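Accompanying notes for the structure given below.
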Amino acid sequence: MKSLALILFIYFNNVLAFEPHTANYQLSINGINIAKEIRTLHELDNQYFYTANAETSGVLSLIKDYSIAASSIFSINDKGVDGVNYQIMEQENGKVSKNRAIDISSKNNTVISILTKTQPKIITWKAEQGNIVDPLSLFLAISYDLTNKPNQKDFYYQVANGKSIKQHHYQKSKNVDIKINNRTFKTIKVDRMDSTNNKSQIYYLTEYRYLPVIIKQTKGSKKYLYKIKDFKISEVEKLQVTF
Amino acid sequence: MNGVVLISGSGSNLQSIIDNSDDINLTIDCVISNKANAYGLQRAKQVGIPVCTIEHSQFPSREKFDQELSNVINTYNPKIIILAGFMRILSTEFTKKYCGKMLNIHPSLLPKFQGLNTHQRAIEAGEKKHGVSIHFVTEELDGGPIIAQSTIEILDDDNAESLAKRVLIEEHKLYPKVIHWFTQGRLKFKNNKAVLDGKIL
């Protein structure tokens, strides 16, 4: 189904900060479709488990067997999303080429690396007071704040990625109607404000708890575009949407 | 050989180990859980195995929890430590202490799908095959050498639940077999590699 085709019925449980879901994105770099990425969010024991799995698709997959899997465990406190653990693993031709993992503790203001084959030293980073997120949970931290702090325009996050901890500043800019497969959807555009080398623009669907539908990132000369293809709430009978 | 089993949940793998313990020369000295409501504790109690709960949420850091866990384990001086659905990442210090005698079972074909929710992720990633891996636990998250894997096909109509059930059957067959290799002295950990009957796996 290429257009918004099916809404069985919409059900959001107000108890949960997020609704467990699966979302499929198409990743392109400099306009060329590179990979399909699946992001899933699950709830377990008062924590959330968010994963992103991408692997090369189309013609590129014939040339290079490459996949990247990231996972984030986080909880929610009175300040918003708070990271617990993050891991990112890249595989080329079935072999792990990069594996970074960290434990995050905002209570202790620390981020500690976990030993892996490609991360042979334990490193402890000292963070500032406040919540800490990772590059994956960051997207949902913004979703959460858009939902729960509707009058706030500027959002600040400490982002730990296994190499460093950096402060990010995002700003809610404007409502934008965007077209996906010839259908128009209302979104809120959020811009990263504090980096010239790493520009980010994220478009959040104003429905469905501000699900990120388009993510644009510029890193040097590379322009990354994640565009949502479809998503579903975990229990299919609750809600399924195809773009 | 005496050992301890660490669990966090229902303990179905624990049950298969208990059921096979006589045949695989294993005496389970204690079942330790990081969750008080883990049903696996009931399974152990039913057959008279001592149990212990160490709630991870009661400790301020991973290291403090691991220290207490280590204290409890050491009272039994186990020759093998079996992780059977123990849902905690262990600290480097802890894993160093027990390197070479700690086994873990993971419901995926490692290195694919480390972490949680492996069945759903395998389906969503369009994998054709899935399964279970048993490995030695080392200080590196991904460094523990794989001892054995069992592979099953992912069917077109599989969902996470149906796939988990079929993988679980393989888990229950494979884990006692690998533990038996260890209790027989056939399986060893040498130079960061799993060695069975003198051959590197």
Side-chain angles (χ1 to χ4, degrees), chain A residues 20 22-24 36-55 57 61 67 69-73 84-91 94-105 107-108 110 112-122 232 234-236, chain B residues 8-9 34-38 55-57 59-66 85 87-96 99 108-129 135 137-146 149 157 159-161 192-193:
Chain A
T22 300
N24 290 291
K36 288 175 181 170
E37 179 166 304
I38 304 163
R39 295 190 179 195
T40 59
L41 177 70
H42 296 268
E43 195 221 358
L44 62 142
D45 294 344
N46 300 319
Q47 292 183 333
Y48 290 91
F49 182 59
Y50 192 39
T51 63
N53 289 292
E55 59 186 332
S57 61
S61 64
S67 67
S71 65
S72 170
I73 299 173
V84 174
N85 178 272
Y86 172 70
Q87 184 182 10
I88 183 163
M89 184 163 72
E90 293 177 26
Q91 291 183 73
K95 292 196 172 175
V96 177
S97 56
K98 185 172 86 175
N99 191 3
R100 282 204 303 268
I102 49 173
D103 278 337
I104 300 169
S105 173
K107 201 189 287 180
N108 300 319
T110 57
I112 302 172
S113 64
I114 295 168
L115 292 183
T116 69
K117 283 178 180 167
T118 64
Q119 186 173 273
K121 281 186 181 175
I122 294 180
K232 65 183 180 192
S234 283
E235 292 178 48
V236 176
Chain B
S8 297
N34 65 319
K35 289 185 179 177
N37 61 356
E55 289 264 12
H56 67 268
S57 55
F59 292 84
S61 68
R62 191 186 299 286
E63 286 70 25
K64 291 267 181 0
F65 168 78
D66 285 359
M87 306 292 277
R88 296 282 300 166
I89 294 173
L90 295 162
S91 65
T92 303
E93 198 178 332
F94 182 92
T95 51
K96 266 184 182 172
C99 191
S108 81
L109 297 174
L110 292 170
K112 288 188 172 176
F113 308 114
Q114 294 185 356
L116 305 169
N117 202 28
T118 57
H119 310 302
Q120 185 68 34
R121 288 158 68 197
I123 291 169
E124 285 164 357
E127 296 288 328
K128 301 289 179 215
K129 290 181 177 176
H135 63 95
V137 179
T138 66
E139 59 186 320
E140 290 174 347
L141 185 65
D142 57 351
I146 291 166
Q149 291 183 316
D157 58 351
N159 56 32
E161 196 180 351
N192 211 37
K193 292 190 165 53

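Chain identifiers are assigned alphabetically (A, B, ...) following the order of the sequence lines, protein sequences preceding nucleic acid strands; residue numbering begins at 1 within each chain. Not measured: the values here are computed from a predicted model.
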What part of N85(A) is in contact with chain B, defined as an atom under 4.5 angstrom from a non-hydrogen atom: side chain, backbone, both or neither? side chain
Here the pair of heavy atoms bringing L141(B) nearest to A101(A) is CD2-CB, 3.8 Å
More than 12 foreign heavy atoms under 6.0 Å from CD of E93(B): is that the case here? no
One should read off an interatomic distance between T40(A) OG1 and I123(B) CD1, to the nearest 0.5 angstrom, of 11.5 Å
Here's a test for you: under side-chain contact (heavy atoms from CB on, under 4.5 Å), which of I122(A), L115(A), I114(A) qualifies with E139(B)? L115(A)
Euclidean distance, T22(A) OG1 relative to R121(B) CZ, rounded to 0.5 Å: 12.0 Å
Using every non-hydrogen atom in the two residues, find where P111(B) and V96(A) come nearest and quote the distance to one decimal. CB-CG2, 3.7 Å
Taking salt bridge (charged side-chain N to carboxylate O under 4.0 Å, His left out) as the definition, give me every residue that meets it alongside K98(A), ordered by chain and number, with sequence neighbours left out. E90(A)
Contact class of K112(B) relative to chain A, heavy atoms under 4.5 angstrom: both
I'd like to know whether N99(A) forms a side-chain contact (heavy atoms from CB on, under 4.5 Å) with Q114(B), so could you lay out the CA-CA distance, the side-chain angles of the two residues, the decisive distance to 0.1 Å, and finally the verdict. CA-CA 11 Å; N99(A) 191 3; Q114(B) 294 185 356; 3.9 Å; yes
In Å, rounded to the nearest 0.5 Å, how long is the span from CD of E127(B) to CG of N53(A)? 9.0 Å
Interatomic distance, CZ@F49(A) vs CD@Q120(B), rounded to 0.5 Å, equals 11.5 Å
Can you tell me how far apart CD1 (I89(B)) and CD (Q87(A)) are? Round to the nearest 0.5 Å. 7.0 Å
Can you sort out the partners of E124(B) under salt bridge (charged side-chain N to carboxylate O under 4.0 Å, His left out), two or more places apart, ordered by chain and number? none
Could you grab the distance from atom NZ of K117(A) to atom OG1 of T138(B), nearest 0.5 Å is fine? 8.0 Å
